[in-house]
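We use all heavy atoms of the structure for the numbers below, so side chains are in, but hydrogens, waters and symmetry mates are not. Given the structure is predicted, the values throughout are model-derived calculations rather than measurements. Labels below follow one simple rule: chain letters A, B, ... track the order of the sequence lines, proteins then strands, and each chain is numbered from 1.
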Amino acid sequence: MQDLIWLLPTYPVLGFLILVLTAGRLPKNIVAIIGAGSVGLSFLTAAIIATQFLSSGEDYFIREVWTWMAVGNFSPGFNFYLDGLSLVMMLVITGVGFLIHLYATGYMADDPSYSRFFSYMNLFIAAMLMLVLGDNLVVLYLGWEGVGLCSYLLIGFWYANPDNGYAARKAFVVTRIGDTAMALGLFLLFAELGTLNIQDMLNSAEAEWKVGDGLAVVAALLLLGGAVGKSAQLPLQTWLPDAMAGPTPISALIHAATMVTAGVYLIARTHILFELAPSVQELVGWVGLITLLMAGFIALTQSDIKRILAFSTMSQIGYMFLALGVGAWSAGIFHLMTHAFFKALLFLASGTVILSLHHEQNIFKMGALRQKLPVSFFSFLVGSLALTAFPYTSGYFSKDEILIAAHGLEGPGMIFFYGGVLGAFLTGIYTFRLFFIVFFGDSNAAHLPEKEYGGWNMNGPLIALIILSLIGGFFAVPLDPVFGQSEEHHVSGLLHTFMVATPLIGIAISFLIFYTKTIPVEKLMVSSFAQTLHKFWNSGWGFDWLYDRLIVFPFLWLARINRADVIDGFYALVVEISRAANGMIVKTQTGYLRWYALSVAAGLIVLITLGVLL
Amino acid sequence: MESIPVEHGLILAVILFSIGLIGVLTRRNIVFVLMSLEIMLNAGGLAFIVAASRWGHAEGQIMFLIILTLAAAEVAVGLGLILQMFRRYKTVDINVLSEMKG
């Protein structure tokens, strides 16, 4: 049965092909069955493979399918590699992916491009599975670019609105910067180590390079560039909030649960390389810390329900990077998994809210929705608690592990620890700010929802994700064979209480401000400093502003002065000369026979004269 | 027997050729154009014969026979085309056939 691992991406690819080739001519219920069913089949297969793999007790498993190409000693295979890490990723992708597909069958029900939507979704699942199951970096890169393409297609899914197209292009271009760095990293690794098979490469890297080797540092930096772009971390984070232009299931699937965590997977997969370059590994931690704090502050000021969740995603991926940076590989992947559960839950629940309010996304135009939208309310409650690491929800266990591991690290560990706790505090405030404003208080809705949107196919996934968000922390992830036995860290009981209590204090503050309104927001916003700060955070720390001035405007300026197109001018000249010559010669084509006879005679005379004279 | 000087023969050939060429260039009636062409061909033939008799070679005569045959074939095709043209345009004016201009 494990041999059938190639079926995993095959089902969604087949689904994609069927939906693309029928070009939207299939009825919607058949599209739904093909679209969600193919991913469901993948999940079933993945579940069976996972049980067999775990009961076999082996550390890893390779299935060779075919050799992709053979050029000299470069012959990447189209092979699948399954170990604890790819197992977790595979189950998250197919499992959460299936739930989101199921939800989308209801969410997108009124969309005219139903079939197109599911074809892209299926292609995405296939590419993502290639990314995590490939045994060499070429297959990984194929999946990497594949998910980037699907992300682009799905952000710009409602292409009639030019803003969506802009957001899609922005996401594509910004991640492309990271992808370029990553491709360079792959070239470097191949040139230095002669193989792109991940395990061989890591082994020979370990054998040939000593810790801190210059090449290892450069390679790790380049791979980090790719990870930062894909996972929306500093400094390539600006695309993620705009990516919310896509349909909400896309935000849940691609921009929360799976694709944006690909960077975390990449670093975890090549963790030996990062261990050889400790300075870069520490940089990973710093990137994560700064991003998680920045995104937390931004989320405090946003008013669009999906953008708040997007910044929260950025912040949570920051935690994963932090975990990777302190060497807590398993904790990072564990948080990836639990985050996939509760963030998918939050996004899907926000999807129900948005649909029930007829595509209203501004939280200040919602309010008092808890009775009208009970399923969303309960989903949000559980999701928010898990997100803020409320004790014994899934997020609590994973975040706990990360922070404790950060505490155990020498050097910057203390900064990482207290920064992470501060981030958790912010998480408590912004998450429950959203929660209280949307579901309590007075109704500010422009149009009140008559009823909650969604049937079993939308509520079922929500309930499944609620359960996963609650119990996900108790799953034992089989990561020890991949990363080695992680050393146990402990913190004192007092410190642990502090860690657990901090997000609760955040929730309490949020409660006082936004529920009981004991602390009025208006009073906080009186000073001009607070207003400036609010504006600054609301604009995402001015990064878009900065990048516009540093890159976009100079580029547009170049494009404008080159509007006449200097290089094209040369070719236009060639065209003009040919055309002028043609205009002259065409006059000799009179159509009169005598002209042709005369020119033959004249030509002959000229030739003979030349012959006689020379 | 007094032989005719070779120059006389060649000058006659040049005169005939020029008459034919002028005919081709100036005539509008396509039948006359064809006749002028015949004159040019014969001028060429004359030049061959004169040259052959001057140097006592037989190739010139053979060349003339080939030209004769060629002229016969050319007249056959040419007259056929003229008939077609007359059938379609009801005229033998060569200037009518000038649609194919650049």
Heavy atoms of other groups near [X] [atom1], more than 12 under 6.0 Å:
{"X": "A:W595", "atom1": "CH2", "result": "no"}
{"X": "A:R549", "atom1": "CZ", "result": "yes"}
{"X": "B:M40", "atom1": "CE", "result": "yes"}
{"X": "A:F187", "atom1": "CZ", "result": "no"}
{"X": "A:F553", "atom1": "CZ", "result": "yes"}

[atom1]-[atom2] distance between [X] and [Y], expressed to the nearest 0.5 angstrom:
{"X": "A:L593", "Y": "B:I30", "atom1": "CG", "atom2": "CD1", "result": "7.0 Å"}
{"X": "A:Y592", "Y": "B:L25", "atom1": "OH", "atom2": "CG", "result": "15.0 Å"}
{"X": "A:L598", "Y": "B:T26", "atom1": "CG", "atom2": "OG1", "result": "11.0 Å"}

(message) Please classify the contact between B:I94 and chain A as side chain, backbone, both or neither, with a heavy-atom cut-off of under 4.5 Å.
(response) side chain

(message) If you compare all heavy atoms of B:R27 against all heavy atoms of A:R594, which two are closest, and at what distance to 0.1 Å?
(response) O-NH2, 3.4 Å

(message) Counting only non-hydrogen atoms closer than 4.5 Å, does A:A601 touch chain B with its backbone (N, CA, C, O), its side chain (CB onward), both, or neither?
(response) side chain

